[in-house]
Amino acid sequence: MKKENKKLNSFSCTFPAKSVNEGFSRGIVSSFCSQLDPTVEELCDVKTAVSEAVTNCIVHAYKYETDERKKKIVIKGEYTENGCLKISVKDNGCGMENVEKAMEPMYTEGGEERSGMGFSIMKCFTDKLSVKSKKGAGTTVILKKYIGKANK
Ligand SMILES: Nc1ncnc2c1ncn2[C@@H]1O[C@H](COP(=O)(O)OP(=O)(O)O)[C@@H](O)[C@H]1O
Ligand SMILES: [Mg+2]
C-alpha cells in the first residue's frame with residue numbers, strides 16, 4: 001500500500017431514518033471532516049452532499065416500509081493520508097431499478113415537492129460519486145472528496 005493512501009481514521013454510525021436526524025448526520029460528518037482542516041467551502045460541500053444522500057434515505061428508501069425498526073441509515077467515514085475523505089450512506093430500503101435514470105438531473109419519483117437534483121448536487125460537490133443499489137435490498141451512496149492542505 002502506498003504511504004500517502006494509508007488510512008488514518010474512520011467511523012461508523014447507525015441511526016433511524018427520521019428527518020430529525022438530517023442535522024445530526026451533517027453534524028457528525030462535519031466534525032469528522034474537520035480533522036482534515038478543510039476550508040469553509042470544502043466543509044459546506046461535504047455537508048451538502050451528505051445531506052442529500054441522507055434525505056433520500058428518509059424520503060425515498062423506506063416509503064413502503066411499515067416497520068419503524070427497520071428504517072435505519074448507516075453512515076461510514078474514513079480518510080487517508082493524502083486527504084481523501086470517503087463517506088458512505090447506506091439504507092436497506094426499496095432500492096432503485098434503474099440507477100442511471102434516477103441520477104439524471106431533474107428525475108424524481110417524489111412528486112412536485114422534490115426537485116430531482118439530489119444526485120446532481122452530490123456529484124457537483126464531491127470529487128467522486130458512486131451509487132450501488134438493488135431493487136428491494138437497498139442503496140449505498142459513496143462520496144469521495146479530497147480535503148485540506150495536502151491538496152492545495
Ligand atoms: N436511497 C434511495 N432509495 C430509493 N430510491 C432512491 C434513493 N435515492 C434516490 N432515489 C430515487 O432517485 C430519484 C432521484 O433522487 P434525487 O436526485 O435525490 O432527487 P429527489 O430526491 O428530489 O427526487 C428519487 O426520486 C428516487 O426515486
Ligand atoms: Mg433527493
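Treat the numbers as computed from the prediction; the structure is a model and nothing was measured. Along the sequence shown, residues are numbered consecutively beginning with 1.
Taking the six-membered ring where tryptophan is involved, the planes of Y79 and F32 are tilted, since the angle between them lies from 30° to 60°.
Within a 6.0 Å sphere centred on NZ of K63, other residues, nucleotides and ligands contribute more than 12 heavy atoms. Residue K135 places its NZ atom among more than 12 non-hydrogen atoms of other residues, nucleotides or ligands, all under 6.0 Å distant. More than 12 heavy atoms of other residues, nucleotides or ligands shown are found within 6.0 angstrom of CD on E104. More than 12 heavy atoms of other residues, nucleotides or ligands lie within 6.0 Å of NZ in K72, so this atom counts as buried by the packing criterion.
Judged purely by atom type and a 3.5 angstrom limit, N21 uses its side chain to pair as donor or acceptor with the backbone of P16. The main-chain N or O of R114 is never found under 3.5 Å from a side-chain atom of T108 such that the two would form a donor-acceptor pair. In this structure, the side chain of D91 engages the main chain of T139 through a donor-acceptor pair within 3.5 Å.
The cluster map of Ile, Leu, Val, Met, Phe, Trp and Tyr, joined by side-chain heavy atoms under 4.5 Å apart, puts Y62 and V50 in different clusters. I75 and L43 end up in different hydrophobic clusters when Ile, Leu, Val, Met, Phe, Trp and Tyr side chains are linked at under 4.5 Å. Clustering ILVMFWY residues whenever any of their side-chain heavy atoms sit less than 4.5 angstrom apart, transitively, puts L85 in the very cluster that holds L8. Note on M117 and V54: separate hydrophobic clusters, where clusters join Ile, Leu, Val, Met, Phe, Trp and Tyr whose side-chain heavy atoms are under 4.5 Å apart, directly or indirectly. Using a 4.5 Å cut-off between side-chain heavy atoms of Ile, Leu, Val, Met, Phe, Trp and Tyr, with links allowed through other members, M122 and I142 fall into different hydrophobic clusters.
Using a 4.5 Å cut-off on side-chain heavy atoms (C-beta onward), K144 and C84 make contact. Inter-residue side-chain proximity for K71 and E68 is flagged as met; some heavy-atom pair is nearer than 4.5 Å. Side chains of T126 and K128 form no contact here, defined as non-hydrogen atoms less than 4.5 Å apart.
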Open item on the list: What verdict does the salt bridge (Lys or Arg N to Asp or Glu O under 4.0 Å) test give for K7 and E78, after you've listed the backbone C-alpha separation in whole Å, the side-chain angles of each residue and the deciding distance to 0.1 Å?
Closed with: CA-CA 7 Å; K7 188 154 93 173; E78 63 175 62; 3.6 Å; yes

Open item on the list: Would S25 and I73 count as a side chain to side chain contact (heavy atoms under 4.5 Å, CB included) here? Give the steps.
Closed with: CA-CA 10 Å; S25 67; I73 298 173; over 6 Å; no

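When all heavy atoms of N98 and K101 are compared, the pair lying nearest together is OD1-N, 3.1 Å. Of all heavy-atom pairs spanning E65 and D67, the tightest one is OE2-N, 3.0 Å. Closest approach of A17 and I58 over heavy atoms only: C-CG1, 3.8 Å. Of all heavy-atom pairs between C33 and V46, the closest is SG-CG2, 4.2 Å. Across all non-hydrogen atoms, the minimal contact from M96 to A102 is SD-CB, 3.5 Å. Listed here is the closest heavy atom pair of S51 and R26: OG-NH1, 2.6 Å.
Note: N9 CG to L36 CG = 9.0 Å, rounded to the nearest 0.5 Å.
With ring centers used as reference points, Y107 lies 6.0 Å or more from F119.
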